[in-house]
Asks: 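For reference, the structure I am asking about is given below.
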There are 2 protein chains.
Amino acid sequence: MHVLIVEDEKSLHQEVRQFLLQSQYLVDSAFTYAEASEKIFVNSYDFVLLDLGLPGGDGLDLLREARQNERQEASFIILTARGAIDDRVKGLDLGADDYLPKPFSLLELQSRMQAIMRRKFGLKRQELTFGQGFQLDATGRTLRYQDQDVTLTKKEFDLLHYLLLHKNRVLTRLQLGEHLWGNVLEDDSDSNYIDVHIKNIRKKLAQFAPTHFLETVRGIGYRMTE
Amino acid sequence: MHVLIVEDEKSLHQEVRQFLLQSQYLVDSAFTYAEASEKIFVNSYDFVLLDLGLPGGDGLDLLREARQNERQEASFIILTARGAIDDRVKGLDLGADDYLPKPFSLLELQSRMQAIMRRKFGLKRQELTFGQGFQLDATGRTLRYQDQDVTLTKKEFDLLHYLLLHKNRVLTRLQLGEHLWGNVLEDDSDSNYIDVHIKNIRKKLAQFAPTHFLETVRGIGYRMTE
DNA sequence: CTTCCACAATCAGAACGTGCATAGGGCAAT
DNA sequence: ATTGCCCTATGCACGTTCTGATTGTGGAAG
């Protein structure tokens, strides 16, 4: 799931960002109207969290713009201090998916996002399958092989999940470290804890089926294929 | 992709450098104003990561200088202590491509660079094709011939990738050495490790199709054609 | 056309680096 | 106090990269 946060107030922005990163979203940031406009145009997001009081333009215009582009499938959630019913109505008219008045709790944000996802994808959960018979349920945090449960620890699950979200891309140890451990500015390249977790994951999965889908890319990192 | 890091604070510099190297960028370094100015003038970069608080001069002057040189195509990303809004505005006015407040996450840096690249080249995924049926995916670090995987080692992949990025241009051993090994100006012409790698690449590719697209240019270096 | 030389290609093996396996200690949750 | 998870440390094995010697080749000069 790819999310764009459009919010100029730095501390709030950072807070939301951090939270979403921890929830396994891929997060992108925009602080101004221009930045947001460009990113929405260039990338494709699943969600756009949109603050209305932006420097450089009215957030609602962004929404309008985006809705005119039919290729755009992002769900917009409007964040604003203005409790103004007016904005709310306009926003929803223009096709916003939900509306969240500031201040809001991160948990509320999360539950609204999940609600939208349910709406969007039916009642279907976020399920990722791989390697003939494995099925990872991100919301229930379970992994199944055919009909048997596979128990993973938290870190193992997160690591596998993250790799799975980026199927067919090589992820470096640094990238993994940053996402899963938040090592923002640390260089523990001398540590091998990621390797150890990978090894443990492989060991657990190998009880059920060969694990060639979880590849080592020598000198770079790891990759899930298929 | 060739990046110049301009940052006097050593540990941060090193960190970013390490990360970018691992992300397959070609990295060059400058610690002072003078050093940076010279390197920007002499070389051509795709990105310049520019710290503003430099010994020997104001970083913004560097940006201004560079922008006056129309042959200069580098994208500038400004790195500076959080909250200096003034600098930010000035930087963007002068034509910086993006702005990153310290401290920043390496992933954020990467995603911004990718965003800029998308803007610049309109690329989504870096896929390069060559020689009737070969397809190289830079993000997944895979090479395919029709539907079969071709496995290359790290150096082989990087070398091929680099040649491919400069299709139809002859690359000298010095250029290749400089970019792939960071041998800035060394006359180790007595070593033939590049030839060896070329040979190994040819050997692997030849299993699938003739390799006339990878040419030797006698006395100069190598070239990918088509 | 032949000779000759500089440069490229090839090859084997040495040196190096990286990932894997394993074990154990610290720490948090219970 | 006990359990289980996460991280660290270490040695090993293997794949990768580089070296140096040798063979092969294109092209300029005679």
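Just so we're on the same page: letters track the sequence lines, and every chain starts at 1.
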Asks: Rounded to the nearest 0.5 Å, how far apart are CZ of A/Arg173 and CD1 of A/Ile220?
Replies: 9.5 Å
Asks: Is B/Leu4 close to B/Phe47 at the side-chain level, that is, under 4.5 Å between some pair of heavy atoms?
Replies: no
Asks: In this structure, which one of A/Leu49, A/Val16, A/Ile5 forms a side chain to side chain contact (heavy atoms under 4.5 Å, CB included) with A/Val27?
Replies: A/Ile5
Asks: Could you tell me if the side chain of B/Leu205 sits less than 4.5 Å from the side chain of B/Tyr145, heavy atoms only?
Replies: no
Asks: Would you say B/Trp181 reaches D/dC18's phosphate, i.e. side-chain N/O to OP1/OP2 under 4.0 Å?
Replies: yes
Asks: With the side chain of B/Asn192 defined as its heavy atoms from C-beta on, choose the nearest nucleotide among D/dT17, C/dT10, D/dT8.
Replies: C/dT10
Asks: Indicate yes or no for a side-chain donor-acceptor contact from A/Glu226 to the backbone of A/Gly131 under 3.5 Å, with no hydrogens or angles considered.
Replies: yes
Asks: Which letter, B, S or -, goes with each nucleotide of nucleotides 25-30 of chain C from 5' to 3', with contact meaning a protein heavy atom under 4.0 Å?
Replies: ------
Asks: Atom CZ of B/Arg141 to atom P of D/dT16: distance rounded to whole Å?
Replies: 12 Å
Asks: Kindly give the atom pairs (protein nitrogen or oxygen, nucleotide nitrogen or oxygen) under 3.5 Å for nucleotides 25-30 of chain D.
Replies:
{"residue": "D/dT25", "atom": "O2", "partner": "B/Arg218", "partner atom": "NH2", "Å": "3.4"}

Asks: Between atom CD1 in A/Ile220 and atom C1' in C/dG19, what is the gap in whole Å?
Replies: 13 Å
Asks: So what is the end-to-end bend of the helix from C/dC1-D/dG30 to C/dT30-D/dA1, with 5 pairs used at each end and the value given to 10 degrees?
Replies: 40°
Asks: When rounded to the nearest 0.5 angstrom, what distance separates CG in A/Leu164 from CZ in A/Phe134?
Replies: 11.0 Å
Asks: Round to a whole Å and report the spacing from NZ of B/Lys154 to C1' of C/dC16.
Replies: 14 Å
Asks: Pick base, sugar-phosphate or nothing for B/Phe157, based on heavy-atom distances below 4.0 Å to the nucleic acid.
Replies: nothing
Asks: Take the protein atom CG of A/Leu180 and the nucleotide atom C1' of D/dC5, then report the distance between them rounded to whole Å.
Replies: 16 Å
Asks: When you measure from every atom of DNA chain D, which of residues 194-206 of chain A have a heavy atom less than 4.0 Å away?
Replies: A/Val196, A/His197
Asks: Under the salt bridge (charged side-chain N to carboxylate O under 4.0 Å, His left out) rule, collect the residues that match up with B/Lys167, sequence neighbours excluded.
Replies: none
Asks: Picking from B/Glu35, B/Glu7, B/Arg17, B/Lys39, what satisfies side chain to side chain donor-acceptor pair (under 3.5 Å) with B/Ser29?
Replies: B/Arg17
Asks: Between D/dG15 and B/Thr153, is there an OP1 or OP2 to side-chain N/O distance shorter than 4.0 Å?
Replies: no
Asks: Check this one for me: any side-chain N or O of A/Tyr222 less than 4.0 Å away from OP1 or OP2 of C/dC20?
Replies: yes
Asks: Distance check: side-chain N/O of A/Ser191 vs OP1/OP2 of D/dC7, anything under 4.0 Å?
Replies: no
Asks: Do the side chains of B/Ile201 and B/Lys204 get nearer than 4.5 Å, heavy atoms only?
Replies: no
Asks: Which whole-number value in Å describes the distance from A/Arg173 CZ to C/dT18 P?
Replies: 9 Å
Asks: What's the CG-P distance between B/Asp158 and D/dT16, to the nearest Å?
Replies: 13 Å
Asks: Tell me if the CD atom of A/Glu9 is crowded by more than 12 foreign heavy atoms within 6.0 Å.
Replies: yes
Asks: Taking only residues two or more places apart in sequence, or in another chain, which ones meet A/Glu215 in a salt bridge (charged side-chain N to carboxylate O under 4.0 Å, His left out)?
Replies: A/Arg223
Asks: For B/Arg202, does the CZ atom have more than 12 heavy-atom neighbours from other residues, nucleotides or ligands under 6.0 Å away?
Replies: yes
Asks: Calculate the interatomic distance between B/Glu156 atom CD and D/dC18 atom P; express it in whole Å.
Replies: 11 Å
Asks: Would you call B/Leu128 and B/Leu136 a side-chain contact if the rule is heavy atoms closer than 4.5 Å?
Replies: yes
Asks: Determine whether more than 12 heavy atoms belonging to other residues, nucleotides or ligands lie under 6.0 Å from atom CG of B/Asp147.
Replies: no
Asks: Among C/dA8, D/dC7, D/dC18, which is the nearest nucleotide to the side chain of A/Tyr193?
Replies: D/dC7
